[in-house]
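Residue numbers begin at 1 in each chain, while the letters A, B, ... track the order of the sequences. What you see is a predicted model, and the numbers here were worked out from it, not measured in a lab.
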Number of protein chains: 2
Amino acid sequence: MNKKKTTNKRKIRRAPTESDVARLAGVSQSAVSRAFTKGASIAKATREKIIAAARELGYHPNLLARSLATRRSNIIALAIANLENPFYAQVAQQLSAQLRETGRHILLFTSSIYDETDPMLERALSYQADALIMTATKASEQLADQFKKAGVPIVQINRESKIAGVSTVWGENYRAGKVAASHFLKKNHKNFAFVAGTKISSTSHMRQQGYIETLAKNNIKNVQIVYGEYSFEGAANAARKLFNSKNPPDAIFCASDYMAFGVLEVARREFALKIPIDVAIIGVDDVPEASHSAYDLTTFSQPAAALAKEAISIVDKMIANPNRRAIRTEVAGELIIRGSTRR
Amino acid sequence: MNKKKTTNKRKIRRAPTESDVARLAGVSQSAVSRAFTKGASIAKATREKIIAAARELGYHPNLLARSLATRRSNIIALAIANLENPFYAQVAQQLSAQLRETGRHILLFTSSIYDETDPMLERALSYQADALIMTATKASEQLADQFKKAGVPIVQINRESKIAGVSTVWGENYRAGKVAASHFLKKNHKNFAFVAGTKISSTSHMRQQGYIETLAKNNIKNVQIVYGEYSFEGAANAARKLFNSKNPPDAIFCASDYMAFGVLEVARREFALKIPIDVAIIGVDDVPEASHSAYDLTTFSQPAAALAKEAISIVDKMIANPNRRAIRTEVAGELIIRGSTRR
DNA sequence: CTGAAAGCGCTTACAG
DNA sequence: CTGAAAGCGCTTACAG
């Protein structure tokens with residue numbers, strides 16, 4: 001097993017192919033192919049002989065050649081705006097783990113805000129990706145068009161789309177806001193604020209709608225709204241604005257956990273506010289840090305694993321039936337009550 | 001341009017190929033290939049005619065077919081233990097951005113601790129990856145062997161390797177510990193502790209060595225060492241142990257920023273310690289959060305961008321000369337002084 | 001500068 | 001159950 005074989009050195013060292021294995025096993029090249037195709041009709045003895053030969057040579061089937069022949073690459077393109085956002089990192093991790101179960105892998109397309117993303121994502125087509133999953137980014141109409149022409153489905157996680165061909169999966173954004181408002185109301189809060197993400201984020205909008213509409217139903221109309229730009233520091237600045245206002249809030253709903261962390265820190269450290277007595281805070285996502293003792297954040301969950309699962313399920317359906325209309329699914333979340341809200 | 005053409009519908013909708021483009025442009029298929037190969041000899045007029053035809057058809061070169069023909073996939077496999085660790089997410093982001101500049105992309109291989117990683121990573125060979133970059137994981141000897149046989153270089157970021165064929169890039173681990181110790185000494189600290197990562201982490205070991213050896217040179221021998229398991233909560237627990245001990249430290253060096261955050265929170269919230277007066281803290285990495293006002297952490301940087309750049313540079317060298325010996329490079333970091341240490 | 005042809009390493013009807 | 005052969009969509013000597 002471990003003996004070094006100095007024999008059969010070939011001049012140019014290239015990876016062994018089916019033909020090499022066939023030669024060693026004394027069978028045809030097609031037999032080798034069958035040995036590695038499950039469900040193919042091949043005698044058990046032949047297969048074993050082939051597997052042994054393959055192992056001896058260190059043979060690994062060339063998946064690119066296979067893809068060329070089968071027109072299925074088992075590559076899923078993942079466009080991810082910002083890997084450094086732990087929520088999306090978690091989604092990516094989940095996608096990767098779940099896709100692996102069906103032998104598929106992720107080809108990564110990261111982008112900064114400044115990039116022209118279209119030409120970049122067209123490369124996914126060149127790589128013959130079976131599908132494109134996008135997180136926190138939207139497909140342009142032109143891009144969607146190209147993908148539709150190529151028969152490659154697109155599914156967006158956490159972003160709406162008005163484009164006909166684009167499928168979407170998202171969390172319960174409206175309900176997140178609604179539930180947050182209800183919870184605050186139940187705990188007798190009086191002054192409400194909302195820390196939004198960005199102005200263009202449909203996700204943030206929906207959360208805001210659920211929040212203010214629920215408050216409005218309870219005759220609360222003056223909800224302060226500030227923008228945290230979906231970042232810790234942005235939210236920290238927004239929080240400073242809120243706490244310095246003439247009417248500082250005692251209940252703050254934030255469109256993401258990360259922004260909630262920023263608000264929480266500023267409240268505690270810069271304004272010496274007690275949480276949840278002086279001010280209560282609710283986030284959205286339930287990232288791992290939310291449960292850390294440092295934050296102990298009440299939050300409306302947006303389960304990365306479920307989002308990933310649903311996205312993959314949509315991909316599978318679209319591949320199975322390419323003429324199918326885009327699929328839009330909502331994934332349920334729930335309010336996880338922790339120490340940043342009153343008991 | 002935007003008119004819908006209902007003509008030339010083919011029965012089975014498949015992506016257009018070079019032959020399709022050739023037919024439309026009235027040239028040979030090889031001419032089309034040349035039009036998309038830079039440096040190929042082709043008349044300007046021909047090329048333009050071809051590009052126009054390609055655009056009309058929505059042609060995207062099939063990179064898998066190209067890879068098969070050229071034996072270069074332009075795919076780099078990235079094995080990443082834990083994408084949710086922001087430092088490694090940052091490294092992944094950097095790698096992705098930098099590789100894109102040379103038209104290469106990342107095929108993602110995530111793993112949980114429980115996985116058998118070898119069979120998973122062998123798939124990188126099947127995908128004909130041009131190289132394998134690993135972060136926070138080590139290649140087994142068998143894996144390294146297989147890759148060497150296939151002529152595919154492996155480079156590890158942030159993990160040592162004793163295996164001959166494996167290249168490595170790492171930060172200045174020993175120096176991180178040394179500099180942290182010196183800084184504490186300069187600020188007149190008396191009681192020192194080290195929050196290590198895991199027992200098996202060579203990175204953590206090196207940092208520890210630099211720290212305790214520097215302290216030892218200054219006649220400080222009793223350094224408390226606890227394990228934070230490279231996690232926020234693990235470090236929080238370790239910190240509780242330290243602050244509850246008979247001789248609580250006034251200077252704590254942590255093998256990662258994330259652990260430093262855990263320590264910092266526990267110090268502040270559970271033990272009401274003032275930072276940096278009662279206890280000073282230094283981390284390693286300089287993740288984005290380190291500069292947040294919540295933490296304002298003094299830390300020894302480990303620049304993700306530089307690590308990524310160096311890793312790619314090694315990959316390129318190894319590909320250019322496959323018989324070359326493994327390359328091992330250290331990437332410089334520096335102490336970033338912030339508010340968690342005394343002025 | 002251009003085209004015809006072989007080859008990259010697979011899969012998959014087809015015939016036996 | 002097995003092999004010979006065509007084809008997947010490219011690149012690249014070779015000849016002109």
Excluding sequence neighbours, so at least two apart, what forms salt bridge (charged side-chain N to carboxylate O under 4.0 Å, His left out) with [X]?
X: A:Arg71; answer: none
X: B:Arg23; answer: B:Asp20
X: A:Arg324; answer: none
X: A:Arg104; answer: A:Asp316

(message) Expected output check: what is the dot-bracket annotation of DNA chain C, where ( ) and [ ] are pairs inside the strand (brackets for crossing ones), | is paired with another strand, and pairs are Watson-Crick or G-U under 3.5 Å?
(response) |||.||||||||.|||
Test of understanding: with side chain to side chain contact (heavy atoms under 4.5 Å, CB included), list the residues that count as partners of [X], not counting sequence neighbours.
X: A:Ser30; result: A:Ser28, A:Arg34
X: A:Arg123; result: A:Phe109, B:Leu63, B:His105
X: A:Glu310; result: A:Val169, A:Ser313, A:Ile314, A:Thr329, A:Val331

(message) According to side-chain hydrogen bond (donor to acceptor under 3.5 Å, both in side chains), who are the partners of B:Ser96, at least two apart in sequence or on a separate chain?
(response)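 Testing B:Ser96 for side-chain hydrogen bond (donor to acceptor under 3.5 Å, both in side chains), a comparison that skips the adjacent residues, returns A:Thr110.
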(request) Check side-chain hydrogen bond (donor to acceptor under 3.5 Å, both in side chains) between A:Glu48 and all other residues, then give those that pass, not counting sequence neighbours. (result)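 By the side-chain hydrogen bond (donor to acceptor under 3.5 Å, both in side chains) rule, A:Glu48 matches no residue at all.
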Expressed as a whole number of angstroms, how long is the span from [X]:[atom1] to [N]:[atom2]?
X: B:Leu64; N: D:dC8; atom1: CG; atom2: C1'; answer: 11 Å
X: A:Leu125; N: D:dG9; atom1: CG; atom2: C1'; answer: 15 Å
X: A:Gln128; N: D:dG9; atom1: CD; atom2: P; answer: 9 Å

(request) Check DNA chain C against residues 38-48 of chain A and give the residues with a non-hydrogen atom under 4.0 Å, in numerical order. (result)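 Of all residues in residues 38-48 of chain A, none places a heavy atom under 4.0 Å from DNA chain C.
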Show the distances under 3.5 angstrom between N or O atoms of the protein and N or O atoms of nucleotides 10-12 of chain D.
{"residue": "D:dC10", "atom": "OP1", "partner": "B:Tyr59", "partner atom": "OH", "Å": "3.0"}
{"residue": "D:dC10", "atom": "OP1", "partner": "B:Asn62", "partner atom": "N", "Å": "3.2"}
{"residue": "D:dC10", "atom": "OP2", "partner": "B:Glu18", "partner atom": "N", "Å": "2.9"}
{"residue": "D:dC10", "atom": "O5'", "partner": "B:Tyr59", "partner atom": "OH", "Å": "3.4"}
{"residue": "D:dC10", "atom": "O5'", "partner": "B:Asn62", "partner atom": "N", "Å": "3.4"}
{"residue": "D:dT11", "atom": "OP1", "partner": "B:Arg66", "partner atom": "NE", "Å": "2.8"}
{"residue": "D:dT11", "atom": "OP1", "partner": "B:Arg66", "partner atom": "NH2", "Å": "3.4"}
{"residue": "D:dT11", "atom": "OP2", "partner": "B:Glu18", "partner atom": "OE2", "Å": "3.1"}
{"residue": "D:dT11", "atom": "OP2", "partner": "B:Ser33", "partner atom": "OG", "Å": "2.2"}

(message) Looking at A:Thr46 and A:Lys44, would you say the former's side chain and the latter's main chain have a donor-acceptor pair under 3.5 Å?
(response)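 It does not hold such a pair.
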